[in-house]
A.B. asks: 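So that we are looking at the same thing, I have put the structure below in structure tokens.
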Amino acid sequence: MFEGKNIVITGGSSGLGLAIAKELVVRGAAVALIARNREKLEAAKAEIEKVGGKAYIYSSDVSNIEAITGTFPKIVAEIGAPDILINSAGILREGYFDKLSVETFREVIETNYFGVLNSIKAALPFIIKNRGRIVNIASVGGMMGVFGYTSYCSSKFALVGLTESLRYEVKPLGVKVHLVCPSEFDSPMTEHLNDTRTPENKAQTLTIPRYDIDAMVRDTIKGIEKGKFIIVPGLLCRLTVFGARHFPAITRMVSDFKIRRVFVNRHLL
Ligand SMILES: NC(=O)c1ccc[n+]([C@@H]2O[C@H](COP(=O)([O-])OP(=O)(O)OC[C@H]3O[C@@H](n4cnc5c(N)ncnc54)[C@H](OP(=O)(O)O)[C@@H]3O)[C@@H](O)[C@H]2O)c1
């Protein structure tokens, strides 16, 4: 399915984007990686060469529409028109609502929502021509509210809305859309999270233990191959999302209980 395909991955220099890229080159795809930091891109390219693949790298900021629109013609010239766009670029800012500035909210929305929107705008004419695919990496945090993730969940809920609606518009044009909703997994994004996160966030989020990144890659690729629209990697995560979508009151009750326990413990100490 991926053999001979041109695949563009935003956020491809790190974490899930890079791990997916490594798996796809092994399956015969040509990958173009987009991220801002050139050194990280060079290191990612070297990692991909180690598994016998070739990566084309582009330093660009997905939150800047001019920058990202200017990047796609370069990709097309070097590897050809993309068949698949994987939007993995994202940032996380955790903290109590009253400690997060409005600028932080804007930064998160600009990256996690407009970054995906901008990339789709730039890639869509090519994806339509190739009757290709768009894969948006959202989060469980796009399906349910999470303590400490007011900025992050806002951006991911918006991304879920964009993805659900866009699916209807591009399906008649032969374009498949996938919405990936992982829970927490090992990556540079979460590496130091435990040093700074609020205890309430930890208690609620780690109801689902942190996943290994390889399991995320495996389930994401399997979901794309099966043509699934919503892909939730990991069994426990799937059960949580099922609960959040079909029994939201119970989900809120369980979360309230976990958060209340942290609150009570803090006040007893
Ligand atoms: N890790 C988790 O537990 C988890 C759970 C659920 C969902 N997710 C989602 O999965 C996706 C990947 O997360 P990850 O853990 O792999 O993160 P990561 O390791 O921190 O990688 C993020 C990538 O995005 C790039 N990026 C960030 N801002 C960018 C911008 N403005 N323009 C272009 N590239 C940008 C980064 O490179 P530069 O900084 O060099 O630009 C990097 O390549 C994200 O969308 C995240 O929200 C993660």
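For ligands, and for the atoms within them, numbers begin at 1 and follow the listed sequence.
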A.B. asks: Please report the closest heavy-atom contact between Lys156 and Asn112, naming both atoms and the distance.
C.D. replies: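 Residues Lys156 and Asn112, closest heavy atoms: CE-ND2, 4.0 Å.
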A.B. asks: Give the atoms of ligand 1, by number and element, whose distance to some non-hydrogen atom of Leu16 is under 4.0 Å.
C.D. replies: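 Near Leu16, meaning under 4.0 Å from one of its heavy atoms, ligand 1 has 16 (O).
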A.B. asks: Report yes if some N/O of Ser14 lies less than 3.5 Å from some N/O of ligand 1; otherwise report no.
C.D. replies: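 Yes: some nitrogen or oxygen of Ser14 is under 3.5 Å from one in ligand 1.
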A.B. asks: Give a yes/no on ligand 1: does Lys156 have at least one heavy atom closer than 4.0 angstrom to it?
C.D. replies: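 Yes; Lys156 lies near enough to ligand 1 that a heavy-atom distance drops under 4.0 Å.
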A.B. asks: Applying a 4.0 Å heavy-atom criterion (strictly less than), which segment of Thr111 is in contact with ligand 1: side chain, backbone, both, or neither?
C.D. replies: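 Near ligand 1, Thr111 shows its side chain, while the N, CA, C and O stay back.
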A.B. asks: Relative to ligand 1, is Met189 under 4.0 angstrom through side chain, backbone, both or neither, heavy atoms considered?
C.D. replies: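 Under 4.0 Å from ligand 1, Met189 contributes backbone and side-chain atoms.
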A.B. asks: Looking at Lys54 and Glu49, is there a salt bridge between them, counting it only when a charged N and a carboxylate O are closer than 4.0 Å?
C.D. replies: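 No salt bridge links Glu49 with Lys54.
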A.B. asks: Show the nearest heavy-atom pair for residues Leu100 and Ser151, with the distance to one decimal.
C.D. replies: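 Scanning both residues completely, I find the closest heavy atoms to be CD1-OG, 4.1 Å.
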A.B. asks: List the atom pairs, with distances to 0.1 Å, where a side-chain N or O of residues 220-239 and a protein N or O form a donor-acceptor pair under 3.5 Å, not counting sequence neighbours.
C.D. replies:
from   : atom 1 : to     : atom 2 : distance (Å)
Thr220 : OG1    : Met216 : O      : 2.6
Glu225 : OE2    : Arg27  : NH1    : 2.7
Arg238 : NH1    : Val232 : O      : 2.8

A.B. asks: Does Phe97 have more than 12 heavy atoms from other residues, nucleotides or ligands lying within 6.0 Å of its CZ?
C.D. replies: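 No, not enclosed.
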A.B. asks: For ligand 1, which is the ligand I care about here, please tell me if Pro182 has any N or O atom under 3.5 Å from one of the ligand's N or O atoms.
C.D. replies: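 Among all N and O atoms of Pro182, none is under 3.5 Å from an N or O of ligand 1.
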A.B. asks: Is there a chain of hydrophobic side chains (I, L, V, M, F, W, Y, each step under 4.5 Å between heavy atoms) that links Phe105 to Val116?
C.D. replies: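 As far as the 4.5 Å side-chain criterion goes, Val116 and Phe105 are not connected within one cluster.
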A.B. asks: Of Val62, Asn64, Val140, Val180, which has the heavy atom at the shortest distance from atom 32 (N) of ligand 1?
C.D. replies: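 When every heavy atom of Val62, Asn64, Val140, Val180 is considered, Val62 comes closest to atom 32 (N) of ligand 1.
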A.B. asks: If the cut-off is 4.0 Å to any non-hydrogen atom of Ser60, which atoms of ligand 1 fall inside it?
C.D. replies: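 Counting from 1, the qualifying ligand atoms are 32 (N), 33 (C).
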A.B. asks: Within a distance under 4.0 Å of any heavy atom of Asp61, pick out the atoms of ligand 1 and give their elements.
C.D. replies: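 Answer for ligand 1: 30 (C), 31 (N), 32 (N).
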A.B. asks: So for Tyr152, does at least one of its heavy atoms come nearer than 4.0 angstrom to any atom of ligand 1?
C.D. replies: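 Heavy atoms of Tyr152 do come under 4.0 Å of ligand 1.
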A.B. asks: Within the structure, does Asn112 bring an N/O atom to less than 3.5 angstrom of an N/O atom in ligand 1?
C.D. replies: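 No: no nitrogen or oxygen of Asn112 is under 3.5 Å from one in ligand 1.
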A.B. asks: Does any N or O in the side chain of Gln204 come within less than 3.5 Å of the main-chain N or O of Gly145, such that one atom is a donor and the other an acceptor?
C.D. replies: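 Yes: the side chain of Gln204 pairs with the backbone of Gly145.
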A.B. asks: Find all atoms of ligand 1 within a distance of less than 4.0 Å from any non-hydrogen atom belonging to Thr190, and give their numbers and elements.
C.D. replies: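 Atoms satisfying the 4.0 Å criterion: 1 (N), 2 (C), 3 (O).
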A.B. asks: Roughly how far, to the nearest 0.5 Å, is the CD1 atom of Ile109 from the CD1 atom of Ile91?
C.D. replies: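 Between atom CD1 of Ile91 and atom CD1 of Ile109 there are 10.0 Å.
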A.B. asks: List the closest protein heavy-atom neighbour of atom 4 (C) of ligand 1: residue, atom name, distance to the nearest 0.1 Å.
C.D. replies: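 Residue, atom and distance for the closest contact: Phe185 CE2, 3.1 Å.
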A.B. asks: Checking contacts here: is it the side chain or the backbone of Ser187 that comes within 4.0 Å of ligand 1, counting heavy atoms only? Could be both or neither.
C.D. replies: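 The answer is the side chain of Ser187.
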A.B. asks: Charged N to carboxylate O under 4.0 angstrom, Glu94 versus Arg197?
C.D. replies: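 Salt bridge: no.
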A.B. asks: Given Ser119, Gly90, Gly15, identify the one with the heavy atom nearest to atom 22 (C) of ligand 1.
C.D. replies: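 Shortest heavy-atom distance from atom 22 (C) of ligand 1: Gly90.
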A.B. asks: Does any N or O atom in Glu184 lie less than 3.5 angstrom from one in ligand 1, N or O only?
C.D. replies: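 There is no such contact.
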A.B. asks: Please identify which atoms of ligand 1 are closer than 4.0 Å to at least one heavy atom of Lys40.
C.D. replies: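 With Lys40 as reference, the close atoms of ligand 1 come out as 37 (O), 38 (P), 39 (O), 40 (O).
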A.B. asks: Any sub-3.5 Å donor-acceptor pair from Asn130's side-chain atoms to Gly132's backbone N or O?
C.D. replies: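 Judged by distance alone, no pair lies under 3.5 Å.
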A.B. asks: On a heavy-atom basis, which atom in Tyr152 and which in Ala138 lie closest, and how many Å separate them?
C.D. replies: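 In terms of heavy atoms, the two residues are closest at OH-O, 4.5 Å.
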A.B. asks: I'd like to know if the side chain of Thr205 and the backbone of Lys202 have a donor-acceptor N/O pair within less than 3.5 Å.
C.D. replies: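 Absent.
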A.B. asks: Any heavy atom of Ile137 closer to ligand 1 than 4.0 angstrom?
C.D. replies: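 It does, in that a heavy atom of Ile137 comes within the 4.0 Å cut-off of ligand 1.
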A.B. asks: Between side-chain atoms of residues 4-18 and protein atoms elsewhere (two or more places apart, or another chain), which donor-acceptor pairs fall under 3.5 Å?
C.D. replies:
from  : atom 1 : to    : atom 2 : distance (Å)
Asn6  : ND2    : Ile79 : O      : 3.1
Asn6  : ND2    : Ala81 : O      : 3.1
Thr10 : OG1    : Ser88 : N      : 3.1
Thr10 : OG1    : Ala89 : N      : 3.1

A.B. asks: Quick one: does Gly115 get within less than 4.0 Å of ligand 1, heavy atoms only?
C.D. replies: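 No, that is not the case, since the closest heavy atom of the residue is not under 4.0 Å from the ligand.
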A.B. asks: Of the backbone atoms (N, CA, C, O) and the side-chain heavy atoms from C-beta on, which set of Arg210 has a member under 4.0 Å from an atom of ligand 1: side chain, backbone, both, or neither?
C.D. replies: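 It is neither; nothing of Arg210 touches ligand 1.
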A.B. asks: Dump the intermediate steps for salt bridge (Lys or Arg N to Asp or Glu O under 4.0 Å) on Arg133 and Asp83, then the final yes or no.
C.D. replies: CA-CA 6 Å; Arg133 288 166 194 268; Asp83 299 283; over 6 Å; no
A.B. asks: Ignoring hydrogens and geometry, is there a side-chain-to-backbone donor-acceptor pair from Asn136 to Leu179 under 3.5 Å?
C.D. replies: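 No, Asn136 side chain to Leu179 backbone: no donor-acceptor pair under 3.5 Å.
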A.B. asks: Nearest protein heavy atom to atom 40 (O) of ligand 1, by residue and atom, and its distance?
C.D. replies: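 The answer is Asn37 N, 2.9 Å.
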A.B. asks: Does ligand 1 come near enough to Ser63 that some N or O of the ligand is less than 3.5 Å from an N or O of the residue?
C.D. replies: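 Min N/O separation from ligand 1 is not below 3.5 Å for Ser63.
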A.B. asks: Heavy atoms only: which of Ala89, Ser13, Cys181 lies closest to atom 35 (C) of ligand 1?
C.D. replies: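 It is Ala89 whose heavy atom sits nearest to atom 35 (C) of ligand 1.
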A.B. asks: Starting from atom 5 (C) of ligand 1, what is the nearest protein heavy atom, named by residue and atom, and what distance separates them?
C.D. replies: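 Going atom by atom, the protein heavy atom closest to atom 5 (C) of ligand 1 ends up being Ser183 O, 3.3 Å.
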A.B. asks: Answer yes or no: does an N/O atom from Gly17 fall short of 3.5 Å to an N/O atom of ligand 1?
C.D. replies: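 Min N/O separation from ligand 1 is not below 3.5 Å for Gly17.
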A.B. asks: If the cut-off is 4.0 Å to any non-hydrogen atom of Pro188, which atoms of ligand 1 fall inside it?
C.D. replies: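 With Pro188 as reference, the close atoms of ligand 1 come out as 19 (O).
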A.B. asks: I'd like to know whether ligand 1 has Ala19 as a neighbour, heavy-atom separation below 4.0 Å.
C.D. replies: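 No, that is not the case, since the closest heavy atom of the residue is not under 4.0 Å from the ligand.
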A.B. asks: When you measure from atom 11 (C) of ligand 1 to every protein heavy atom, which one gives the shortest distance, and what is it?
C.D. replies: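 Its nearest protein heavy-atom neighbour is Ser88 O, 3.1 Å.
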